[in-house]
**Student:** 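Before I ask anything, here is the structure I am working with.
Here is the naming used below: chain letters follow the sequence lines, and residue numbers restart at 1 for every chain.
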2 protein chains.
Amino acid sequence: MDIACDFNITIVGLGLIGGSMAKSIRENLSVKSIWALDLDRDVLKEAHESGIIDDLFEDDTIPIKNSDIVILCTYPNAVLEFMKKNRDNFKHGALITDTSGIKEKIVQGARDVLRSDCEFIGGHPMSGKESMGYKYSDGSIFQGTNYIITPDEKSNKELVLLLKEILFTIGFKRIIEMSPREHDRIVAYTSQLPHILACIMMNSKSFERSKDLHGGSFRDITRVADINCELWSELLHENKQNIVAELEAVIEDIKNISKMIDNDDIDSLKVVFKNSSMLRKEMNYEKA
Amino acid sequence: MDIACDFNITIVGLGLIGGSMAKSIRENLSVKSIWALDLDRDVLKEAHESGIIDDLFEDDTIPIKNSDIVILCTYPNAVLEFMKKNRDNFKHGALITDTSGIKEKIVQGARDVLRSDCEFIGGHPMSGKESMGYKYSDGSIFQGTNYIITPDEKSNKELVLLLKEILFTIGFKRIIEMSPREHDRIVAYTSQLPHILACIMMNSKSFERSKDLHGGSFRDITRVADINCELWSELLHENKQNIVAELEAVIEDIKNISKMIDNDDIDSLKVVFKNSSMLRKEMNYEKA
């Protein structure tokens, strides 16, 4: 790794993503210091004792005042509150980034509250795990996954490059740049929709009757139904326009397929199946 | 294993399920002979050479005439055709069972075509694999999974018991008895619905735009979208009343959740999430 590493990094929110960030940075980058903030002092102590973070602070503003890079790994609204509250604490020229699942409101919020000498670049790792919290964090969850960042034409090119280099170094396979608006449209389909369908399956009136008779396809579709309730209420609320549009599209698609089945239109059904088979096979080639 | 094994078994259709049946019977039961029928002679030769089946026949009726147990592992309509065609070939007192994904039509069909001295008990393993064909068959795919059988009050109790003992011996965790009608209602929800939703996700207009940005939840929900087109057209066609009812229920559930999101009704959304989290956690305990 050939990037200049003479900087201090603070990670805000040492949960699954923040903890995994801290661990993978510790493992792959020789930075000056890694610090973290979290409401849970015990988590900070544990991370300190195991050498993942370098120091503990009584005053949260000290690491922020001395950090060249701040990675906000909290829920979306907490990201905005943190930037607002620490407006005057960020180091001159600091790079501030986040990992939350919505981007338009966050990027707009950063523009509104941050000082002009600070640089905000939104980010979102396409990685995760069923379980939440620092104790499940693991540097390897990023290996081979993708990361979306949402810089714009005004973003500092050097800092965009630095962020990308850090992300590649800690294991991400591809860094994709797009607008915050495009990000929010895409995740409504690729992530929020599967989560909602998983929850709908589990809440179905048919569930009680079907108990214990779930094969692989049911287990797969409902894997993410054990959902972080607070986070997801917030994510869906903040991206409601896109997600409602996706849900409406799915309703139309279900109606169409239901009509094919009801009308014995096997030919149309086979077109749907052939297309999904072909596209799903391609996804596996991608991964390989 | 303490069951009387002085019988010959023929497996009809040596694909993923039939091949896995043959392999797990070979491994776990000392029967007199295991035979198989398949349209693909090469598959039969391969199974014979590797010792999975005991003999090859020029005349398909010979193993049928000499089998105490016949396991039909073909598509549903082929199960019915086979029974019709071999009505006079089955051995006196033979137990005939199948593994296909619909039961009401099959059980009714067996009643209509089989001789009264033959016993039919419908079956359906809750096991599977993404890939199809004998070359992916594997006795271990049944380990720890459930199996539904659909005997009724007229079924020969000893033969029901024998079938259950065989199924336990080859690795199934639980054998659940239910009516063919209840089976078809349940699989519409537990299996056919997840498959349809997987295909709908892949056929979405949003897919093209989202390329390469699929995290774990999308990969999980679409795992079964690489679907056996012929088999699934048949399964959905034969169970259309139940599946159309499930699709209509899902549309209502999506409309409800969409309304909650659109109306900022976070409290109701949290109730949905809490319920799905609780039920999904319980499913994992079950499995453990």
**Student:** Tell me, for A/T145 versus chain B, whether the close heavy atoms (under 4.5 Å) come from the side chain, the backbone, both or neither.
**Tutor:** neither
**Student:** Counting only non-hydrogen atoms closer than 4.5 Å, does A/Q241 touch chain B with its backbone (N, CA, C, O), its side chain (CB onward), both, or neither?
**Tutor:**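 Answer is neither: A/Q241 stays 4.5 Å or more from chain B.
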**Student:** For the interface with chain A, which of B/L236, B/I186, B/N203 has the highest count of heavy-atom pairs at distances below 4.5 Å?
**Tutor:**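 Maximum pair count with chain A is reached by B/N203.
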**Student:** Taking the ring of B/H195 and the ring of A/F218, is the distance between their centroids below 6.0 Å?
**Tutor:** no
**Student:** Flag the one option from A/L197, A/I196, A/V187, A/T190 with the top tally of heavy-atom pairs under 4.5 Å to chain B.
**Tutor:** A/T190
**Student:** With a 6.0 Å cut-off (strictly less than), is the heavy-atom count around CD of B/Q143, excluding the residue itself, greater than 12?
**Tutor:** yes
**Student:** Mind ranking B/K270, B/K274, B/M260, B/E246 by heavy-atom pairs under 4.5 Å with chain A and telling me who comes out on top?
**Tutor:** B/K270
**Student:** Identify which part of A/I261 has an atom lying under 4.5 Å from any heavy atom of chain B, answering side chain, backbone, both or neither.
**Tutor:**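 For A/I261, backbone and side chain are both near chain B.
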**Student:** Could you give the distance from CD1 (A/I17) to OH (A/Y134), rounded to the nearest 0.5 Å?
**Tutor:** 14.0 Å
**Student:** Is there a donor-acceptor pair under 3.5 Å between the side chain of A/T97 and the backbone N or O of A/I121?
**Tutor:** yes
**Student:** Ion pair present between B/R219 and A/D220, side-chain N to carboxylate O less than 4.0 angstrom?
**Tutor:**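 Not counted as a salt bridge, because no side-chain N and carboxylate O are separated by less than 4.0 Å.
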**Student:** What is the distance from atom CD1 of A/I11 to atom CG of A/L72, rounded to the nearest 0.5 Å?
**Tutor:**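 If I round to the nearest 0.5 Å, the distance is 10.5 Å.
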**Student:** Determine the option with the most heavy-atom pairs under 4.5 angstrom with chain A, choosing from B/N256, B/I176, B/N239, B/T222.
**Tutor:** B/T222
**Student:** Quick one: does any side-chain atom of B/K23 pair with a main-chain N or O of B/S137 as donor and acceptor, under 3.5 Å?
**Tutor:** yes
**Student:** Where does A/N146 contact chain B at under 4.5 Å (heavy atoms): side chain, backbone, both or neither?
**Tutor:**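 Looking at A/N146, just its side chain touches chain B.
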**Student:** Which of the residues B/D262, B/I257, B/D253 is involved in the greatest number of heavy-atom pairs with chain A at under 4.5 angstrom?
**Tutor:**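 Highest number of heavy-atom pairs under 4.5 Å: B/D262.
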**Student:** Against chain A, work out which of B/R185, B/E182, B/M178 has the most heavy-atom pairs shorter than 4.5 Å and name it.
**Tutor:** B/R185
**Student:** Kindly say whether A/G123 contributes a backbone atom to a donor-acceptor pair with the side chain of A/K103 at under 3.5 angstrom?
**Tutor:**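 Yes: the side chain of A/K103 pairs with the backbone of A/G123.
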**Student:** Under a 4.5 Å heavy-atom cutoff, which of A/I200, A/I266, A/L269, A/L193 has the most pairs with chain B?
**Tutor:** A/I200
**Student:** Look only at the side chain of A/N263 and the backbone of A/D265, and say whether a donor-acceptor pair between them is shorter than 3.5 Å.
**Tutor:**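 Looks like no, no N/O pair under 3.5 Å.
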**Student:** Looking at chain B, which one of A/E248, A/M278, A/E230 has the largest number of heavy-atom pairs inside 4.5 Å, strictly under?
**Tutor:** A/E230
**Student:** Against chain B, label A/K259 side chain, backbone, both or neither, depending on which of its atoms sit under 4.5 Å from a heavy atom there.
**Tutor:**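 Neither part, no heavy atoms under 4.5 Å.
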**Student:** Tell me if the centroids of the rings in B/F142 and B/Y147 come within less than 6.0 Å of each other.
**Tutor:** no
**Student:** Calculate, to the nearest 0.5 Å, the distance between atoms CZ and CZ belonging to B/F273 and B/R280 respectively.
**Tutor:**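 Here the rounded value is 16.0 Å.
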**Student:** Check each atom of A/L247 against the heavy atoms of chain B and say whether the ones under 4.5 Å are side chain, backbone, both or neither.
**Tutor:**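 Both backbone and side chain of A/L247 come within 4.5 Å of chain B.
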**Student:** Given a strict heavy-atom distance threshold of 4.5 Å, which part of A/A249 is in contact with chain B: side chain, backbone, both, or neither?
**Tutor:**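 Contact with chain B: none, neither part.
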**Student:** Is it the side chain or the backbone of A/I243 that comes within 4.5 Å of chain B heavy atoms, both, or neither?
**Tutor:** side chain
**Student:** Relative to chain A, which of B/H237, B/K205, B/K255, B/E234 shows the most heavy atom pairs under 4.5 Å?
**Tutor:**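 Among B/H237, B/K205, B/K255, B/E234, the one with the most close pairs to chain A is B/H237.
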**Student:** In terms of heavy-atom pairs under 4.5 Å with chain B, which of A/S258, A/G215, A/A198, A/P125 leads?
**Tutor:**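 Counting heavy-atom pairs under 4.5 Å, the top option is A/S258.
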